[in-house]
**Q** 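Encoded as structure tokens, here's the structure I'll be asking about.
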Amino acid sequence: MDNTFYLGKGMKFPPQINPATGRFLCVEGNESVKESIYLILMTHKTERKLRPDYGCNAAGYVFNSVDATMLSMMARELEDDILHNEPRISRVDVRMDQNTKPGCLFIYIDYYIRNGNVRENMVFPFYLGEEPATEEEAYETMEDDVVE
């Protein structure tokens, strides 16, 4: 039996329909936490009218010069936003890599899930100039680059 029931269950993002049942696909456990972090990173603050402090201000860094100060400020702000918006996480460490792909900043996020002392990680591609054609492309890139 899976002991991660306390992490909850929710709708998969991006929303998908199970062709056999016609119902929305759901995720649970550690995958639910990972998708929640992705939603925090993709949501601009004040975008949700009833929760104006939900999300992060990553888009505000798009046109800044990429230097050590900007990377440090962005990493600290992302850590704070993730901890503030995701109560199932106890600690977050964010690292940046700007040298892997031109025009793209890879954000490596290591996080620890409460009540289980489980360490997970994910990679979030942050495009400094031109964004991918669709949100699905960005999400697929993130899944392919996960380091475990």
**Q** Report the residue from L71, D97, N99 that forms a side-chain contact (heavy atoms from CB on, under 4.5 Å) with L105.
**A**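 Single pass found, and it is L71.
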**Q** For the residue pair N57 / H44, report whether a side-chain donor-acceptor contact shorter than 3.5 Å exists.
**A**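 Side-chain D/A pair, H44 to N57: absent.
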**Q** Would you say L39 and V27 are hydrophobically clustered, going by side-chain heavy atoms of ILVMFWY under 4.5 Å?
**A**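 In one cluster with L39: V27, no.
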**Q** Among residues two or more places apart or on two chains, list those pairs meeting salt bridge (charged side-chain N to carboxylate O under 4.0 Å, His left out) that have a residue in residues 37-48.
**A**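 Every pair satisfying salt bridge (charged side-chain N to carboxylate O under 4.0 Å, His left out) with a residue in residues 37-48: K45-D81.
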**Q** Starting from L25, can I reach Y38 by hopping between I/L/V/M/F/W/Y residues whose side chains sit under 4.5 Å apart?
**A**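 Y38 does not cluster with L25.
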**Q** Do R114 side-chain atoms and P87 backbone N/O form a donor-acceptor pair below 3.5 Å?
**A**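 Yes; at least one donor-acceptor contact below 3.5 Å.
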**Q** Under the rule for side-chain hydrogen bond (donor to acceptor under 3.5 Å, both in side chains), what residues qualify as partners of S32, not counting sequence neighbours?
**A**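 Per chain and number, S32 pairs via side-chain hydrogen bond (donor to acceptor under 3.5 Å, both in side chains) with R88.
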**Q** A side-chain contact here means heavy atoms from C-beta on lying under 4.5 Å apart; do M42 and F124 qualify?
**A**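 SC-SC contact between M42 and F124 confirmed.
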**Q** Roughly how far, to the nearest 0.5 Å, is the CD1 atom of I113 from the NZ atom of K34?
**A**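 Going from NZ on K34 over to CD1 on I113, the span is 9.0 Å.
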**Q** Working to the nearest 0.5 Å, report the span between OH of Y111 and CG of N121.
**A**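 Result: 7.5 Å between the selected atoms.
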**Q** Between R91 and D93, is there a side-chain N and carboxylate O pair less than 4.0 Å apart?
**A**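 Yes.
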**Q** So how far is it from N85 CG to I37 CD1, rounded to the nearest 0.5 Å?
**A**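 Result: 11.0 Å between the selected atoms.
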**Q** Locate the shortest heavy-atom distance separating I40 from E86; write the atom from each residue and the value.
**A**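 The pair with the smallest heavy-atom distance is CD1-CB, 4.0 Å.
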**Q** Might you point out which heavy atoms bring S36 and Y54 nearest each other, and give the distance in Å?
**A**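 Scanning both residues completely, I find the closest heavy atoms to be O-OH, 4.0 Å.
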**Q** Listed by chain and number, what are the side-chain hydrogen bond (donor to acceptor under 3.5 Å, both in side chains) partners of Y61, not counting sequence neighbours?
**A**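 For Y61 the side-chain hydrogen bond (donor to acceptor under 3.5 Å, both in side chains) partners, ignoring immediate neighbours, are E77.
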**Q** Is there a side-chain contact between E120 and I109, using heavy atoms and a 4.5 Å cut-off?
**A**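 Sidechains of I109 and E120: no contact.
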**Q** Using every non-hydrogen atom in the two residues, find where C56 and L78 come nearest and quote the distance to one decimal.
**A**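 Nearest pair, atom of C56 first, then L78: SG-CD2, 3.9 Å.
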**Q** Side-chain heavy atoms nearer than 4.5 Å, only ILVMFWY residues, links allowed to pass through others: does that put I107 and Y112 together?
**A**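 Cluster IDs for I107 and Y112 differ.
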**Q** Measuring from Y127:OH to C104:SG, what's the distance to the nearest 0.5 Å?
**A**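 So the OH of Y127 and the SG of C104 are separated by 4.5 Å.
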**Q** To the closest 0.5 Å, what do you measure between OH (Y108) and CE (M96)?
**A**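 Rounded to the nearest 0.5 Å, the OH-CE separation comes to 11.5 Å.
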**Q** Does K12 offer a backbone N or O that forms a donor-acceptor pair with the side chain of E35 under 3.5 Å?
**A**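 No, E35 side chain to K12 backbone: no donor-acceptor pair under 3.5 Å.
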**Q** How about F126 and M74: do any of their side-chain heavy atoms sit closer than 4.5 Å?
**A**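 Yes; the side chains approach each other to less than 4.5 Å.
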**Q** When rounded to the nearest 0.5 angstrom, what is the spacing between CZ in R23 and CE in M11?
**A**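 If I round to the nearest 0.5 Å, the distance is 14.5 Å.
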